[in-house]
Amino acid sequence: MAHEVGAQEKITYGRNDRFEGGPVGGGRFWVDEQGRSVAKIGGPRDWRPNVMIDVRVGDTFTVGGQTWKVTEIVDADSPDAYLLTTRVS
């Protein structure tokens, strides 16, 4: 699915097929030693050889030519964890 700049998407455990060039999915969420929320997300084949990346609030990643910024990671230390992303370009 193509998104306009400013669109938001939620990434939970599992996969989100709404990213053009995706899917993208949450593999793990945790709080690091500095108390920051972190998510390990998996992406499409063009992310290889590093199919999984660690992201924190403010980080960006590109899927299908669209760049997304991590705007929030919610409840990183719970089974209901998710992150919110906003398309920036």
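Just so you know, these numbers use all the heavy atoms, side chains as well, and skip hydrogens, waters and symmetry mates.
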**Item:** Side-chain donor/acceptor of T85 to backbone N/O of E9, under 3.5 Å
**Value:** yes

**Item:** Whether R48 side chain and N50 backbone form a donor-acceptor pair below 3.5 Å
**Value:**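 Between the backbone of N50 and the side chain of R48 there is no qualifying donor-acceptor contact (under 3.5 Å).
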
I need the minimum non-hydrogen distance between [X] and [Y], along with the two atoms involved.
{"X": "P44", "Y": "G21", "value": "CB-O, 3.0 Å"}
{"X": "G6", "Y": "T86", "value": "O-CG2, 3.8 Å"}
{"X": "G42", "Y": "M52", "value": "CA-SD, 3.3 Å"}

Report yes if some heavy atom in the side chain of [X] is under 4.5 Å from a heavy atom in the side chain of [Y]; otherwise report no.
{"X": "D32", "Y": "R56", "answer": "yes"}
{"X": "F29", "Y": "V74", "answer": "no"}
{"X": "L83", "Y": "I41", "answer": "yes"}

**Item:** Geometric class of the W68/H3 ring pair [parallel <30°, tilted 30-60°, perpendicular >60°]
**Value:**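 If you compare the ring of H3 with that of W68, the planes turn out perpendicular.
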
**Item:** More than 12 heavy atoms of other groups within 6.0 Å of E4 CD
**Value:** no

First locate atom [atom1] of [X], then atom [atom2] of [Y], and finally report the distance between them rounded to the nearest 0.5 Å.
{"X": "S37", "Y": "D75", "atom1": "OG", "atom2": "CG", "result": "8.5 Å"}
{"X": "K10", "Y": "E72", "atom1": "NZ", "atom2": "CD", "result": "10.5 Å"}
{"X": "R87", "Y": "Q66", "atom1": "CZ", "atom2": "CD", "result": "4.0 Å"}
{"X": "T71", "Y": "D59", "atom1": "OG1", "atom2": "CG", "result": "11.5 Å"}

**Prompt:** Linking I/L/V/M/F/W/Y whenever any side-chain heavy atoms sit under 4.5 Å apart, do W47 and V88 land together?
**Reply:**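 Unlinked, W47 and V88 end up in two clusters.
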
**Message:** Do I53 and F19 land in one hydrophobic cluster if side-chain heavy atoms of ILVMFWY residues count as linked below 4.5 Å?
**Reply:** yes

**I73: which of I11, V38, V31, V57 passes side-chain contact (heavy atoms from CB on, under 4.5 Å)** =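 Single pass found, and it is V57.
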
